[in-house]
Amino acid sequence: MTEKLLLYGGALQQAGAVRMKGEQRATQSDFMEMEKQRGISISATVMSFEYNDLCVNILDTPGHQDFSEDTYRALAAADNAVMLLDAAKGLEPQTRKLFEVTRMRNLPLFTFVNKMDRPALDPSEIMDQIEQEFGLETYPIVWPIGDGERFKGVLDRMDNVVHLFGKGDRKSKAEVETVPMSDLETLKARIDDQELFDKLMEDIEILDELIAPLDMDRVIAGDQSPLFFGSAMTNFGVQLFLDKFCNMGVKPLGRLAKVVEEGKGKKGSQSKLDQDDEPNDLVNPDFGEFTGFVFKTQANLDPKHRDRLAYIRIVSGAFQKGMKVGHSRSKPGKKFNLAQAQTLFGSDRESVEVAYPGDVIGINNPGDFAIGDTLYTGNQKVAFPGIPSFSPEIFAYIRNPNPSSYKSFTKGIDQLLAEGAVQALRQRNDDGGGPLILAAVGQLQFEVVQARLKGEYNVDSDLEPIGYTLARWAEGGWDAVDKADSDGKLFGIMIVQDRWGRPVLLFRNDWKAAGVAEEEKYLELKPWSKPPMFE
């Protein structure tokens, strides 16, 4: 779907496919070797292009539930979300998981039901699934006419025009014939299927009478989802979707942040900041200073140069090449020179001199910028809310079997952890010399780490699984953990620390975690954690 949006947006001359066959080209968004081999997306990718006087940034996220945390990080930078469903399968397990992640961001959600050229569920059944399982009302912007071998096209309910389906070259734009609903005789002849024509007439009456009207305020609030149908593989319905999305989608909005006067003086004193305070300062795009936040980091986009890139979503002001910015986790007064930035298109990059709110740019990352960090100009220190980490479900020690490759192993692990490929845990008071515990949502994340260590850093690794199934952060702090431990309440529970030195408890099952949370409320157990906004 991403490739076809790029095709119709004019950013590609020929679309690729996730699973390559014959002479098909690889997708622009899936450029890692493992993505090409397995035919899946494993990392969020940024692609920017101009379309109808708009700048469109596509954040293509993995569809596999093991990478839902990467999806959430990308959604932190998004203004709208698009949910892609398989017309034959409806809501799949990974769709449910990713929808939960999307709902946490309260984004306007557009739904595209794909593969209508194959046997499909009844469109009403798909609408019912979405409403019953997600509590989300849908409004069909377009409505399908048939499916599979009898798929004839879609009705554009906004313009009252039928777009007729025709199979064409999968790599290039489809030729689409349109017939207005006012010309029923022509439409009936072009559909050439009395049963489907009659059903279309019946469906129109039902939709007009029973479906609640489109309410853009509810769409923006995430309570109603505009619904589309089509076939991305055959390029049908993609341009119709893109045009409607560009008209209906939310433009860049302001975001809540903490804003305080940056202290002056030799010691760099500053206003007292409470990490637990909720951000309540609205930073709008017309805020007088540049602000942006890091939502993704990536190493080795260019394997020949071993580069590291930080992806910045600009919230306010304008980026200008060579500008100096403050950093939310650095000492007051310390500035970083942004000597250059790039616009992004998968693994391809192009130098940019100026960028504006809503833009996503890549800047060289010397190792100072981490996911969730805020960059800003001016005398006020700004910090947008950190991007949370969620409870992993599998854990394993990772070890280097070859002492001679210690430096490469350590460098690879550090950079992959900085990307958020997995989470890292250590024993309490371990300053880095002890065994490292990797924590992930799914097994595939471990496989990606090992494959990238081998492919990008030429080092082997051994994993030793640990028999725990979930983690809880103890916001009550170490004193609360020590109390519970001394009282014998943490028997069979592994006590570790996260990258910030905060206590994390590993449990073998949900039942045990729920029991401890209920009986030892002072532990304040949480299934997620946010990084500190300031240090």
Side-chain angles (χ1 to χ4, degrees), residues 29-35 41-48 59-60 62 67 69-70 73-74 76-77 292-314 319 321-330 334-352 355 359-375 386-387 389 398 405-424 432 436 438 445 448-459 461 499 531 535:
S29 57
D30 294 333
F31 55 85
M32 289 184 184
E33 192 59 36
M34 191 171 181
E35 290 178 314
S41 298
I42 62 176
S43 178
T45 311
V46 180
M47 283 156 291
S48 304
L59 306 178
D60 185 33
F67 303 103
E69 199 163 5
D70 197 48
R73 289 192 288 264
F293 61 89
V294 181
F295 69 93
K296 176 181 174 65
T297 64
Q298 182 82 46
N300 305 321
L301 275 175
D302 183 352
K304 295 180 180 179
H305 295 92
R306 297 295 183 188
D307 58 347
R308 299 175 69 182
L309 209 64
Y311 293 65
I312 310 294
R313 159 63 199 266
I314 299 176
F319 164 84
K321 181 179 178 179
M323 71 190 307
K324 295 184 183 298
V325 298
H327 177 224
S328 57
R329 292 189 301 106
S330 293
K334 184 174 181 179
K335 302 294 180 182
F336 293 84
N337 181 29
L338 303 186
Q340 59 180 341
Q342 298 91 31
T343 54
L344 303 153
F345 196 77
S347 61
D348 298 333
R349 291 171 283 175
E350 183 177 331
S351 181
V352 62
D359 284 342
V360 174
I361 59 174
I363 62 173
N364 291 331
N365 183 10
D368 297 294
F369 306 139
I371 293 170
D373 287 354
T374 300
L375 304 181
I387 300 175
S389 297
I398 186 167
S405 61
Y406 172 79
K407 287 186 177 181
S408 295
F409 178 84
T410 302
K411 179 181 179 180
I413 285 292
D414 288 345
Q415 292 189 355
L416 293 177
L417 290 177
E419 289 182 21
V422 289
Q423 297 180 46
L436 178 66
L438 298 188
Q445 287 179 276
V448 169
V449 168
Q450 289 191 290
R452 291 188 62 188
L453 283 173
K454 184 63 176 178
E456 298 175 21
Y457 302 93
N458 195 32
V459 293
S461 58
R499 60 178 295 195
E535 285 188 14

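- Under the rule for a side chain to side chain donor-acceptor pair (under 3.5 Å), the partners of Gln450 that lie at least two apart in sequence or sit in another chain are Ser461.
- Considering all non-hydrogen atoms of both residues, Phe319 and Ala341 come closest at CZ-CB, 3.4 Å.
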- Go through Ile312 and Leu338 one step at a time and tell me if the side-chain contact (heavy atoms from CB on, under 4.5 Å) criterion holds. CA-CA 12 Å; Ile312 310 294; Leu338 303 186; over 6 Å; no

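- To the nearest 0.5 Å, the span separating CG on Asp70 from CD1 on Ile371 amounts to 7.5 Å.
- In this view, Thr343 and Glu350, Val352 satisfy the side-chain contact (heavy atoms from CB on, under 4.5 Å) rule, not counting sequence neighbours.
- Among residues two or more places apart in sequence or in another chain, the side chain to side chain donor-acceptor pair (under 3.5 Å) test is passed with Ser405 by Asn400.
- In terms of modelled atom types and a separation under 3.5 Å, the side chain of Thr297 and the main chain of Ala418 share a donor-acceptor contact.
- The salt bridge (Lys or Arg N to Asp or Glu O under 4.0 Å) test applied to Lys321 returns Glu353, not counting sequence neighbours.
- Considering Ile398, Val449, Val448 as possible partners of Val422, the one that fulfils the side chain to side chain contact (heavy atoms under 4.5 Å, CB included) test is Val449.
- Of all non-hydrogen atoms in Gly367 and Arg308, the two that sit nearest each other are CA-NH1, 3.8 Å.
- To the nearest 0.5 Å, the span separating OH on Tyr311 from CD1 on Ile361 amounts to 12.5 Å.
- Legend: residues meeting ring pair (Phe, Tyr, Trp, His ring centres under 6.0 Å) with Phe336, ordered by chain and number and at least two apart, are His327, Phe369.
- Rounding to the nearest 0.5 Å gives a distance of 5.5 Å between CG of Asn364 and CD of Gln342.
- Using a 4.5 Å heavy-atom cutoff, the side chains of Glu456 and Gln415 are not in contact.
- Here the side chain of Glu419 pairs a donor or acceptor atom with the backbone of Ala299 at under 3.5 angstrom.
- Taken to the nearest 0.5 Å, the CZ atom of Arg73 stands 7.5 Å off from the CD1 atom of Ile387.
- Put simply, OH on Tyr457 and NZ on Lys411 are 7.0 Å apart, with the number rounded to the nearest 0.5 Å.
- Here the closest non-hydrogen pair linking Ala74 and Leu59 is O-CD1, 3.3 Å.
- Here the CZ-CG distance, from Arg313 to Leu375, works out to 14.0 Å after rounding to the nearest 0.5 Å.
- Looking at Arg499, its side chain never comes within 3.5 Å of a backbone N or O of Leu417 through a donor-acceptor pair.
- For the side-chain contact (heavy atoms from CB on, under 4.5 Å) test, residues two or more places apart in sequence or in another chain that qualify with Thr410 are Tyr406, Asp414.
- Nearest heavy-atom pair across Asp368 and Pro366 is OD2-CG, 3.2 Å.
- Shown here for Asn337 and Gly322, the closest heavy-atom pair between the two residues is OD1-O, 2.9 Å.
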